[in-house]
Chemist: 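Questions regarding the structure given below will be posed in turn.
Only heavy atoms go into these numbers, but all of them, side chains included; no hydrogens, no water, no symmetry mates. To find a chain, count down the sequence lines: A is the first, B the second, and so on, and within it residues start at 1.
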2 protein chains.
Amino acid sequence: MARNKYPEETVEKILDAAMRLFIEKGYENTSIQDIIDNLGGLTKGAIYHHFKSKEDIMLAVLERQHNEYDAKLYRILNDRDNMTGLARLRALFWIALSSPRQENFFRSSPSLLNNPKMLILQMKGTMEEAAPQHIAPLIQQGIEDGSIRTDYPLQLAEVILLLSNLWVTPLVFAASPQDMEKRLKLFGQLLEPFGANFIDEDFTRRIMDLTEMYGNHPDPE
Amino acid sequence: MARNKYPEETVEKILDAAMRLFIEKGYENTSIQDIIDNLGGLTKGAIYHHFKSKEDIMLAVLERQHNEYDAKLYRILNDRDNMTGLARLRALFWIALSSPRQENFFRSSPSLLNNPKMLILQMKGTMEEAAPQHIAPLIQQGIEDGSIRTDYPLQLAEVILLLSNLWVTPLVFAASPQDMEKRLKLFGQLLEPFGANFIDEDFTRRIMDLTEMYGNHPDPE
DNA sequence: GGATACATACCGTTGGTATGTATTGCGGCA
DNA sequence: TGCCGCAATACATACCAACGGTATGTATCC
């Protein structure tokens, strides 16, 4: 493979291949060689020129995903003014669930329980960035416009993210459709006293669809 | 090392060393050689005679811990009759928090975020066994004696375990003492409507102590 | 005398590094 | 403006120690 005039293309190639493999096979079960084999002629030299380690690739994958997601969120949320904090919260989660990349993720990933590193890194980012930077401000706004009430906006944000990312999703702790429905109901009840119940019909239906779709996965045990 | 007449002792030795290292350095950062070096003369042959893989060792470590914990729980909970479901729930969490093994864990483990495999395996066990077998029955009993009210005992058990194991502990998503206090408060408020608020003064103080103790850990970043 | 409980020697794969090489962009000079 | 020279860039190739795991040997127990 000759030298590329636009090295970013090479970086993107590497990230694309790595992300696909990390999602499909898990981080630990994906070797550098696996990535190389999906690069179309590029070799190990290319990888270690652009990234300093395997973990560095994973971080870059998450970062890219994160940025893309961020941009989309800001665009949509800032577009529509005069929404209450709660309504924005609802919108945010809806966007998160309906993005095509998320769809792809659901389709190609076996349980994230088999991908500990990725799950943990994602959750870390969620707690350290998404909670204080994205969700807590929305809750704060909800408090000011009267739609949400709590003395602990950051902590409420953390709970919401933890539960929605780990519990009310078929990706991690799998559940039968019946059990997932109960989780959704209880989640709603938990949020109700704070006026933060963003679980609407659309959200519920989407999660249930994913749950059923996900039930067809072969469970590698 | 000659052949041991009581091979269980060898197994225990391996599990002891492995557990210590897994907790201190994390699963992925502990090599088989590391374990061997802490075995006092035993070699790789011993390990692979008793265990079929490194992961198998980790599972055995968790299983042993689990069994020990189970025995203790049953003894104490069955001793005291005429307790309400809520009171038993309180007692259970208190026992979990005050055991010496747990203390040791807190003392020697860096953030479990650096130990993805162990964290995930533990959470898996929590959701698949502890929730349905230990917590849900207590909640069910609480429903019957009127101390707890919910239509979804299993799901309530799941939420309680998820949040207490991941969120209201300094071991995973670290927090300043002030933030941890807010987490505890919000956790209490979340559980209140279900009559399942097991967060009492003892529990709070214990968590706060651990949080401060844990704050002195060097954070490997 | 088999089955058990190890020890020893060995293996393929892995993440990572050292080094080589062709290409590119760029500062300076005509 | 055009061209030269050269360092920085973008890779390819060759190599390495450490890893998890296996095959085989051997002494001990029942």
Chemist: What pairs meet the salt bridge (Lys or Arg N to Asp or Glu O under 4.0 Å) rule with one or both residues in residues 26-38 of chain B, with sequence neighbours excluded?
Modeler: B:K25-B:D34
Chemist: Could you identify which residues of residues 28-37 of chain B place a heavy atom less than 4.0 Å from some atom of DNA chain D, listed by residue number, or say none?
Modeler: B:T30, B:S31, B:I32
Chemist: Can you check the B:K117 NZ to D:dG20 P distance for me, whole Å?
Modeler: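 That distance rounds to 12 Å.
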Chemist: Would you mind reading off the distance between A:M58 atom CE and C:dG16 atom C1', rounded to a whole angstrom?
Modeler: 19 Å
Chemist: Mind checking side-chain contact (heavy atoms from CB on, under 4.5 Å) for A:Q141 and listing every partner two or more places apart, or none if nothing turns up?
Modeler: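 side-chain contact (heavy atoms from CB on, under 4.5 Å) list for A:Q141, sorted by chain: A:R88, A:L138, A:D145.
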Chemist: Quick one: are A:L59 and A:F51 in side-chain contact, heavy atoms under 4.5 Å?
Modeler: no
Chemist: Only pairs at least two apart or in different chains count here, so list each ring-ring contact (aromatic ring centres under 6.0 Å, His included) that has a residue in residues 23-44 of chain B.
Modeler: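 Listed once each, the pairs are B:F22-B:Y27.
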Chemist: Quick check on contacts: within residues 48-55 of chain B, what sits under 4.0 Å from DNA chain C by heavy-atom distance?
Modeler: B:H49, B:H50
Chemist: Go through the structure and list residues passing salt bridge (Lys or Arg N to Asp or Glu O under 4.0 Å) with B:E129, not counting sequence neighbours.
Modeler: none
Chemist: Kindly write out the residues that satisfy side chain to side chain donor-acceptor pair (under 3.5 Å) with B:R183, not counting sequence neighbours, or none if the list is empty.
Modeler: A:E158
Chemist: Determine whether more than 12 heavy atoms belonging to other residues, nucleotides or ligands lie under 6.0 Å from atom CD of B:Q33.
Modeler: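 Yes - once you tally the heavy atoms of other residues, nucleotides and ligands closer than 6.0 Å, there are more than 12.
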Chemist: Under the side chain to side chain donor-acceptor pair (under 3.5 Å) rule, collect the residues that match up with A:D70, sequence neighbours excluded.
Modeler: A:H134
Chemist: Mind checking side chain to side chain donor-acceptor pair (under 3.5 Å) for B:E128 and listing every partner two or more places apart, or none if nothing turns up?
Modeler: none
Chemist: Rounded to whole angstrom units, what separation is found between the CD1 atom of B:I47 and the P atom of C:dA9?
Modeler: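 Atom CD1 in B:I47 sits about 17 Å away from atom P in C:dA9.
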Chemist: C:dA9, C:dT17, D:dC11: which one has an atom nearest the side-chain heavy atoms of A:K44?
Modeler: C:dT17
Chemist: Kindly write out the residues that satisfy side chain to side chain donor-acceptor pair (under 3.5 Å) with A:D16, not counting sequence neighbours, or none if the list is empty.
Modeler: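 If we apply the side chain to side chain donor-acceptor pair (under 3.5 Å) test to A:D16, skipping adjacent residues, the hits are A:R64.
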Chemist: Pick out the pairs of N or O atoms, protein on one side and nucleotides 23-30 of chain D on the other, that lie under 3.5 Å.
Modeler:
residue, atom, partner, partner atom, Å
D:dT28, O2, B:R3, NH1, 2.4

Chemist: Please enumerate all residues that pass salt bridge (Lys or Arg N to Asp or Glu O under 4.0 Å) together with A:K117, with sequence neighbours excluded.
Modeler: A:E55
Chemist: Compare the minimum distances between each of C:dT8, D:dA12, C:dC6 and the side chain of A:A46, then state the nucleotide with the smallest one.
Modeler: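 For the A:A46 side chain, the nearest candidate turns out to be D:dA12.
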